[in-house]
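Below is one structure, written out as structure tokens; comments come after it.
The structure presented is a predicted model; accordingly, all values stated were derived computationally and were not measured. Naming convention: chains lettered A, B, ... in sequence-line order (proteins, then strands); numbering from 1 in each chain.
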There are 2 protein chains.
Amino acid sequence: MRTASLASTDGTEAAPGVQSVDRALTILDILARLGEAGVTEIAGELGVHKSTAFRLVATLEAHGMVEQNEGRGKYRLGVGVLRLAGATTARLDVVQEARSICRKLAADSGETVNIAVLSDRSVLYVDQVAGQSALQAHNWVGQHIPLHATSNGKVLLSGLSSDEVDARLPRLPSYTPDTVTTRAKLRRDLALVRDQGYAVAVDELEIGLTAIAAPIRNAHGDVIASLSVSGPTFRLGDLRVKELIPVVQDAADEVSRRLGHGSS
Amino acid sequence: MRTASLASTDGTEAAPGVQSVDRALTILDILARLGEAGVTEIAGELGVHKSTAFRLVATLEAHGMVEQNEGRGKYRLGVGVLRLAGATTARLDVVQEARSICRKLAADSGETVNIAVLSDRSVLYVDQVAGQSALQAHNWVGQHIPLHATSNGKVLLSGLSSDEVDARLPRLPSYTPDTVTTRAKLRRDLALVRDQGYAVAVDELEIGLTAIAAPIRNAHGDVIASLSVSGPTFRLGDLRVKELIPVVQDAADEVSRRLGHGSS
DNA sequence: CATTGAGTTGCGACATACGCAACTAGGACC
DNA sequence: GGTCCTAGTTGCGTATGTCGCAACTCAATG
């Protein structure tokens, strides 16, 4: 999102360049939103004449971007979209899309940023961007970390059903006095995470270590990864944590958006 | 090479409707094929002036359909495509109904689960749920895959008549030494699939790749989609495959039931 | 420092895409 | 079964929006 240029244009609706193309793409958006729509309805939304809408739709249809119910029916998105999506996802993975956002987050917060995914019975760290602070936690990438004792773990678990959680956690070993060791507490924590959309863990894995994590979701809304900011507890007090929570959430949401989440 | 000459000068192709929209969509096709391209390159493929290509691309960018590498870079498909794809699959009731079942199957088996439908002359993957690791190894969604070299393909073909099969497979290209390349063998395989109610493909598309698929049927009993579990051959040996076959069949049957099959 | 090559923008000519209105066909209501 | 009504489809002339040109900016390369 080219920072400057875009901000100026989306105030109301600026002439985006090629009118008919803009309209055609808007039709796709409309169909994405409504699921199905007739020519007249589309024309209404666009504020153009029926025939114009029809021709645009016909062109989209020729490219497989939309399909018609049958003979005379309404229109809906077509498989051409999926073909394009295939080509997009080919080069799309969480780490790549998240990298620039993580860098920015690390620079803004000064703390270490991590991306983690669920791997069998543990949290797998797949990327890390160090903060500016000299006091550096070691590199977690490639490490397997307990699911129940980290903010990332709780976020990842929050996307699973209760059964799946139990299956992945036969035991709840303790690492510090603050580690969650009972299923009841864990269940409560996960419900809270689901509700709030973030997780915080203070001194649960290691004394003096605080982390804030938020979920990264794919186009279907599934939690596929977790993004966290972590640092020493003395730097991340209650106040600072409160400040950082929305920042972490925004970053995670932005990554999710890049992965196609947000249409629903 | 499919296009570039869509609306050129010759009358081979019927006027596709709106020229600029046609060109814009062709740009998306080009980017899907090349992965990345600059304005000049696109203009060359389209046979139009640089500035024309630029304006079309700019319009696509305003809708998030393409993105620019940075400041002055090349263009590639953007996240808008994924948003649309999400809306497209959300509309397919097969995907909707199958989603939760797929997730369970993926969790239970630890392998990747796919839903595929027949699209012209290939298998079109419309949904995928990764196995143990939430990090998707390779997302096939939107990809077109040969019909005769995959378990999904065989399942989908098994619902067609012999004539239809021939019509969709003018040739049987080989991908590995184990690919089915003769019609006689294919016919035998399909008969077996019909008889057994599942298909297995080992090293037929790619060496080291094994897949098990079963049909999803609608209320009329037609095969409308295929559900598969796939993974590396070293993890899916004979024994494991034998274990998984009924599991895959059960899952597919459950989806079929939700779509109204067998309930009447 | 010149040069090349890429993306970007103002402008005028003219091709094109638009709106209009007439047409067709399916469905609903009588 | 007929008639009306709605919604998708098509021919046509014209104003509109789009295209090609050429000039510009900016980076990288020599």
Q | A:Tyr75 side chain near D:dA7 phosphate (N/O to OP1/OP2, under 4.0 Å) | A |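 False: A:Tyr75 side-chain N/O out of range (4.0 Å or more) of D:dA7 OP1/OP2.
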Q. Is any side-chain heavy atom of B:Ile27 closer than 4.5 Å to a side-chain heavy atom of B:Glu45?
A.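 Sidechains of B:Glu45 and B:Ile27: no contact.
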Q) Is there side-chain contact between B:Leu105 and B:Leu227, with heavy atoms separated by less than 4.5 Å? A)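 Yes. Closest side-chain heavy atoms under 4.5 Å.
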Q: Please report the shortest heavy-atom distance between B:Thr59 and A:Val18, naming the atom on each side.
A: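 So the minimum-distance heavy-atom pair works out to OG1-N, 3.0 Å.
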Length of the line joining [X]:[atom1] and [N]:[atom2], which is rounded to integer Å:
X	N	atom1	atom2	result
B:Glu36	C:dA6	CD	P	15 Å
B:Glu67	C:dG7	CD	C1'	18 Å
B:Glu41	C:dA6	CD	P	10 Å
B:Phe54	C:dT8	CZ	P	4 Å
B:Leu60	D:dT18	CG	C1'	15 Å

Q. Short question: side chain of B:Arg194, backbone of B:Ser158 - any donor-acceptor pair under 3.5 Å?
A.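 Present.
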Q) Is a side-chain donor or acceptor of B:His49 paired with a backbone partner of B:Ser51 at a separation under 3.5 angstrom? A)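 Yes.
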Q: Heavy atoms under 4.0 Å is the rule here; annotate nucleotides 11-21 of chain C 5' to 3' with B where the base is hit, S where only the sugar-phosphate is, and - elsewhere.
A: -----SSSBBB
Q: Please determine if B:Arg76 and B:Glu67 form a salt bridge, counting it only when a charged side-chain N lies under 4.0 Å from a carboxylate O.
A: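 Yes.
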